[in-house]
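Every chain is numbered from 1 and lettered A, B, ... according to where its sequence line falls, protein lines coming before strand lines.
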Protein chains: 2
Amino acid sequence: MSNLKYSRQREAIKKQLMQRNDHPTADMVYTDIRKEYPNISLGTVYRNLALLSELGEIKRLVTGDGPDRFDADTSPHNHFICRKCHAVLDMDMEDISEIKERAEQNFHGVIESYSVNFYGICEHCHQTKLS
Amino acid sequence: MSNLKYSRQREAIKKQLMQRNDHPTADMVYTDIRKEYPNISLGTVYRNLALLSELGEIKRLVTGDGPDRFDADTSPHNHFICRKCHAVLDMDMEDISEIKERAEQNFHGVIESYSVNFYGICEHCHQTKLS
DNA sequence: TTAATAATAGTAACGATTACTATATTTAAA
DNA sequence: TTTAAATATAGTAATCGTTACTATTATTAA
C-alpha cells in the first residue's frame, strides 16, 4: 500500500535533522545538505520535509516567527521561541498533556493534537542585553 | 509620545473585529469592510491589524493552517482549529495559565507569553461526516 | 533487462504579506 | 480658520516562503 520509493536525498535530509538540535528551517537544511548533495533542489527539501512530517517521522514546528522549523525529535515536548535571536529551544519541563483532557471537558469535536509554544527572551540574549 | 493619528479605517477595522467571532483573516476583514469603505486598500487592513496587535488591542492568531487570524477578544483563552473546515473556535475550558509557571521551573530566559492551540475535527464536520 | 512508478532538478507560479510612493487626512498651533 | 508638520491612505510593486510543473533520472518488482 505504500507507494513510497527510497531516495538518498530523503535519507540525507532525515539524517541531518537527527544530527542537529536547532530545529532548522527548510532553507537551513537545504544550505547544509548541499555540501553533500551540491545540486539537490530546494523543492526536494521542502517536499521531503513535508512527506516525513505526514509520515510522523519528523515534526513541523509552526512558530509564528518566521518560516516553519523541523524537529527529528517526535517525542512530546514543547518549545520556546526567542523574539530577539529567533532561536527555537526545547523546553525541559514536566508533562502537561492533561491540558488535552481539560480541553475535552466542554468540547464536542475530536481533539487530535495540540501545540504549546512559549515566547520571550532566551537566556543568552537576556544576559548579553541584546533584548 | 504616541505619534498615532486617528483614522476611520482603523476604527472600522477594530469595530468589525469586535462584531464577529469567527477570527477572520486579513482578507476576510478586507472583503467585509469594503461594503462600508469600497476603496479601502488591502495594505491598510494588513497595516492596521498589525498595528492593533502591537498595541495589544487585538490578538493575532497563528494557526499553522492558512493565513493568520485576528481576534478582538484579548482575554486569555485558547483556540481549536478544524483541519477539515479550517474554522477557528474559542475553547471553553478552565484556566491553564499555570503551564507558564511550570515552564519557568527549569528555564533561564524570560517567558513573556505562550500560545496553545488544539487541532482536530470540529463538532459540525464530525457530525456531518465530512471528516 | 525491462517496464512501471516514484523522485528528482530546475524553474515557474502562487498566496500571504510588506514596501514604496504620491496624495489625502489628521492635528496642533498660529 | 488657515497653515504646516506628521501620519495614514490607496494603489501598486516587490518580497518571502512555499508549492506546482515538467522533462529526466532513480528505484523496484517482475
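As a whole-Å value, the separation of Leu52(A) CG from dA7(C) C1' is 13 Å. Arg69(A) places its CZ atom 11 Å from the P atom of dT18(D), with the value rounded to the nearest Å. When rounded to the nearest whole Å, the span between OH of Tyr30(B) and P of dA10(D) equals 9 Å. Rounding to whole angstrom units, CD of residue Glu11(B) and C1' of dT26(C) are separated by 13 Å. Rounded to an integer number of Å, the gap from Leu49(B) CG to dA16(C) C1' is 13 Å. Spacing between atom CG of Asp65(A) and atom P of dG17(D) amounts to 12 Å, rounded to whole angstrom units. In this entry the distance linking CG of Leu42(B) with C1' of dA8(D) reads 16 Å, nearest Å. The CG atom of Asp68(B) sits 18 Å away from the P atom of dC16(D) (whole-angstrom rounding).
Regarding contacts with the backbone of dT25(C), every side-chain N or O of Gln9(B) stays at 4.0 angstrom or more from both OP1 and OP2. Side-chain N/O atoms of Asn48(A) include one lying less than 4.0 angstrom from OP1 or OP2 on dT8(C). When the side-chain nitrogen and oxygen atoms of Arg10(B) are compared with OP1 and OP2 of dA8(D), one or more of them lie within a distance under 4.0 Å. Contact check, Ser7(B) against dT9(D): a side-chain N or O comes under 4.0 Å of OP1 or OP2. Remark: Asn3(A) is in phosphate contact with dA6(C), judged by side-chain N or O atoms under 4.0 Å from OP1 or OP2.
Taking the centre of each ring, His124(B) and His126(B) stay at or above the 6.0 Å mark. Taking the six-membered ring for Trp, Tyr119(B) and Phe80(B) have ring centres at least 6.0 Å apart.
Nucleic acid contact for Asp27(A): none, since no nucleic acid atom lies under 4.0 Å from a heavy atom of the residue. Nucleic acid contact class of Arg8(A) (heavy atoms, under 4.0 Å, all strands): sugar-phosphate only. Base contact: Tyr46(A) has a heavy atom under 4.0 Å from a base atom.
Just one residue in the list His79(B), Lys59(B), Arg60(B) forms a side chain to side chain donor-acceptor pair (under 3.5 Å) with Asp71(B), and that residue is His79(B). A salt bridge (charged side-chain N to carboxylate O under 4.0 Å, His left out) with Glu57(B) holds for exactly one of Arg10(B), Lys14(B), Lys15(B); it is Lys14(B).
Nearest to the side chain of Pro67(A), among dT8(C), dG11(D), dT18(D), sits dT18(D). Here the nucleotide nearest the side chain of Ser41(A), chosen from dG17(D), dG10(C), dA10(D), is dG10(C). Of the candidate nucleotides dA8(D), dA7(C), dG10(C), dG10(C) has the atom nearest to the side chain of Asn39(A).
Map Leu51(A) and Pro38(A) each onto its nearest nucleotide of DNA chain C; the residue landing nearer the 5' end is Leu51(A).
Using modelled atom types and a 3.5 Å distance limit, the side chains of Asp90(A) and His23(A) yield a donor-acceptor pair.
The base of dA8(D) has none of its N or O atoms less than 3.5 Å from a complementary donor or acceptor on the side chain of Lys5(B).
In this structure, Arg102(A) contributes its side chain and Asp95(B) its backbone to a donor-acceptor pair below 3.5 Å.
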